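Comments concern the structure below.
Keep in mind that this is a model prediction, so the values were computed, not measured. Reminder, nothing fancy here: chain letters follow the sequence lines and each chain counts from 1. When reading the values below, keep in mind they use all heavy atoms of this one structure, side chains included, and skip hydrogens, waters and symmetry mates.
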Amino acid sequence: MTPPPDTALVADAVRQIVDSVASPEVLRSAQRAGMDNALWAALAEAGMTRVGIDSSAGGSGGSLEEAAAVVDTLARMACRVPAAEHLMVGCWALTVSGISMPEEQVPISVAAAETGAVRLFRGKLTGKALRVPWASGGALLVVPAVAEHGPVLCCVPAASASVVEGTNLAGEPRCDVTFDSVTVPADCVGEFGPDLLQEMRARYALSRAVQISAALDEVVAWTLQHAAQRTQFGRPLNRFQSVQGDIARMAGEAAAAAALAESAVERVSRQPGAAIACAAAKARAAVAASTVCRLSHQIHGAIGFTLEHRLHLLTTRLWSWRDEAGTEAEWSAYLAEKCLRNGGADLWGAISEVF
Amino acid sequence: MRVGSLSLASAPRTQEAERVRLEVREFLSSELRNGTFEPVPDSWLCGVDPDFSKRLGARGWLGMTWPPQYGGHGRSTLERYAVIEELLAAGAPVAAHWIADRQSGSNILSFGSERLKTTILPRIAAGECYFAIGMSEPDAGSDLAAIRTRARRNADGDWVVNGAKIWTSNAQHCHYAIVLVRTADRDAEQRHGGMSQLVVDLSLPGISISPIAILDGSEHLNEVVFEDVIVPADMLLGVEGNGWHQVTAELALERSGPERFLSTFPLLREFSIYAAANPGELRQVTLGTLIARLLSLRELSQRVAAALDSGEMPDVAAALVKDLGTNFEVDSVDDIRGACGIAPAASSDDAFGRMLAMAQLHAPAFTLRGGTNEILRSIVARGLGMRG
């Protein structure tokens, strides 16, 4: 029996690391593009970049729940590190495809291009992946590709490709990456069938759902604080019934997103191939993000849409994350397709098996 | 759920619950094969079928969580949850016993005298005894503390009840109502004091029940008038003056169940069959979006059930789930209508058109009954520390 995951302990440890490395001013400048290398190094030093990876594969042990707790904490603090891609997708992909984990504690990000957009021919990688997160500096990329004999996963340094840097609305690096006959050593290529590719996409979506639900929870807390402090017409905003109703709605959306993200993490942790649970989590989280961002900005008023106020650190991320790793329309369509069995008549049976 | 008091642990999946779920499914497919019912939306309020209720009682699926000495079956809340979820998803006619099984019985178990427990609970568990809710009044809707129905003791110590209750679901089919009454005059200082709950036999002299037709012409709502109704002293539920506290506990049960997001599920299933036969991107995305919302509600609602099981009082979370769930129900009618060209009509040849008509005409009630969404949000706001 493995012990139950102690996610609260992990979250506390991560919070302490962030506080020790990054001053509040640094966190507030999170809008600036680029990775926070000092924070990544501190997380690596503490073993946090190997959480959820079996010790036999060079990890720190622990469960996916604990890896998600790391991702959750870094997301709510708007940290500029690729923990979601690395812990929930990249390291997993290396493990299941039999590629050994790098010795160095470099971040491993995901270049999930359309199937067939990247090809491996005679050990050389060619093709293009768009909007690849954190594909700059010393990162490694896991790249699903089609080789002569079938689908594979390659692990290559971002530096070996030609990278056109870009950012999402929050200033996080999202780069267009072109592989032009990049040589991939044989020990950096592993078998990666369609099931694994689907699971990778689902995990990628789940990692965003975890980030979104964490950020939503934090935005609700910030909005509660603001509504308690800001006074208009001689009373705090939180004494106005319409404001109370809006914040209650925000809390409901955040709770719905969090419940699905948590349950999907548990489901994936228990048993692989739970793409449908991840799809539901991402689709629901994206919808919640839209509502919560809109209402939080409304309640914060004009100060909330300035760069000097912290709110944008999370709302710009929420606006970006809801689109990344598949929009709610894409994952909803997937969900419907998987639930439409027996001519649509067994909808309840399908729904009751998701978790 | 992590914000303050809304934090709830995830619900365990138990083998016992999954086993009884399959038993209910088997039972329902045999009932459907025998043509004993047609699946409809809102079946937990409109599907009155005492024979069906008795068959459920015979299978041990009513009063499931109560102790065996009162006719119950000592099962877990999560097993009961699986049973009621299956019944709702199938649109089965569960309205006769629904209130008795969901809240009145539990209320009697918590607060009732030994005599009430031994005489009434076994009959509820057998599917033979039905209850109505006596809370709302013509001048007391959301503001429940404004009720005026009055009970005074007579010379024998019995209660004499005068007043009127309204929006009472299925009172014409029920044997009893648990009626919230004033047993002391209103006190502006203590708005929630002076109220008590009485278990009232609806066949007593002085009670008149008048149906109120709703938009589709059905008459499951009623006005119940009490004129010098003599209720025996020992029908007081719990402690005199403690009515508000008891009602609050009852409402947590009333608000958190899967009927707060599954009322329109039979319609969603028809839509799913339609979308399979008439594929299109809009239909697929609409269906998937509704499925994702439903899944999130199911996770939340099961967490509330698990919390109730471990003796917590998740009234804030229950309010939050009901707000989200009933909005989902109303949205599902709008979204399904928008994604296919089916005309809603009660006279329609196909089940989809009939269900769409029924769901649309019932939809205004979803976000009102059992506490309006405005009241629910004010409960959530208080839970988040926004009200003194």
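- Here the shortest heavy-atom pairing between A:Ala333 and B:Gln284 reads O-NE2, 2.9 Å.
- Of the atoms belonging to A:Glu337, heavy atoms from both backbone and side chain fall under 4.5 Å from chain B.
- Heavy-atom neighbours of chain B within the stretch residues 277-297 of chain A, taken at a separation under 4.5 angstrom, comprise A:Ala280, A:Ala283, A:Arg284.
- Within a 6.0 Å radius of CD in A:Gln298, other residues, nucleotides and ligands contribute 12 heavy atoms or fewer.
- The CD atom of B:Glu374 sits 9.0 Å away from atom CD of A:Gln241, with the distance rounded to the nearest 0.5 Å.
- Considering all non-hydrogen atoms of both residues, A:Ala259 and B:Leu300 come closest at CB-CD2, 3.6 Å.
- The most heavy-atom pairs under 4.5 Å with chain A, out of B:Glu18, B:Glu86, B:Glu270, come from B:Glu86.
- At a cut-off of 3.5 Å, with distance as the only test, no side-chain donor of A:Arg341 or B:Ser272 sits close to an acceptor on the other residue.
- Options B:Glu281, B:Arg25, B:Arg293 differ in how many heavy-atom pairs under 4.5 Å they form with chain A, and the most are formed by B:Arg25.
- Contact of the B:Val380 side chain with the A:Gln244 side chain is not registered, since no non-hydrogen atoms from C-beta on lie closer than 4.5 Å.
- The heavy-atom pair separating B:Val285 from A:Ser332 by the smallest distance is O-CB, 3.7 Å.
- Among all heavy-atom pairs drawn from A:Leu260 and B:Ala292, the shortest one is CD1-O, 3.6 Å.
- Side-chain contact between B:Arg298 and A:Ser352 is present, with at least one heavy-atom pair separated by less than 4.5 Å.
- A donor-acceptor pair shorter than 3.5 Å can be found between the side chains of B:Glu299 and A:Ser263.
- Once rounded to the nearest 0.5 Å, the distance linking CD1 of B:Ile273 with CG of A:Leu340 reads 10.0 Å.
- Other residues, nucleotides and ligands contribute over 12 non-hydrogen atoms within 6.0 Å of the CG atom of B:Asn34.
- Rounded to the nearest 0.5 Å, atoms CG (B:Leu324) and CZ (A:Arg249) are 10.0 Å apart.
- Of all heavy-atom pairs spanning A:Cys339 and B:Ile291, the tightest one is CB-CD1, 3.8 Å.
- Contacts between B:Thr289 and chain A at a heavy-atom distance below 4.5 Å involve backbone atoms as well as side-chain atoms.
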Checklist entry - Would B:Gln302 and A:Phe355 count as a side chain to side chain contact (heavy atoms under 4.5 Å, CB included) if you check the C-alpha gap in whole Å, the side-chain angles of each, and the deciding distance to 0.1 Å? => result CA-CA 12 Å; B:Gln302 288 186 350; A:Phe355 288 104; over 6 Å; no
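- Proximity to chain A (any heavy atom under 4.5 Å) is shown, for B:Leu295, by both the backbone and the side chain.
- Using a 4.5 Å cut-off between heavy atoms, B:Phe265 contacts chain A through its side chain alone, with no backbone atom that close.
- Between A:Ile247 and B:Met386 the shortest side-chain heavy-atom distance falls below 4.5 Å.
- Only the side chain of A:Glu266 comes within contact range of chain B, with heavy atoms under 4.5 Å apart.
- For the options B:Ser296, B:Ala276, B:Ala277, heavy-atom pairs under 4.5 Å to chain A are most numerous at B:Ser296.
- Annotation for A:Arg230: atom CZ does not count as buried by contact number, only 12 or fewer foreign heavy atoms lying within 6.0 Å.
- For B:Glu85, the parts lying under 4.5 angstrom from a heavy atom of chain A are both the backbone and the side chain.
- For B:Leu294, the part sitting under 4.5 Å from any heavy atom of chain A is the side chain, from C-beta outward, and nothing else.
- Here the side chains of B:Leu262 and A:Trp348 are in contact, with some heavy-atom distance below 4.5 Å.
- Using a 4.5 Å cut-off between heavy atoms, A:Ala345 contacts chain B through both its backbone and its side chain.
- Contact annotation for A:Ile351: both backbone and side-chain heavy atoms come within less than 4.5 Å of a heavy atom of chain B.
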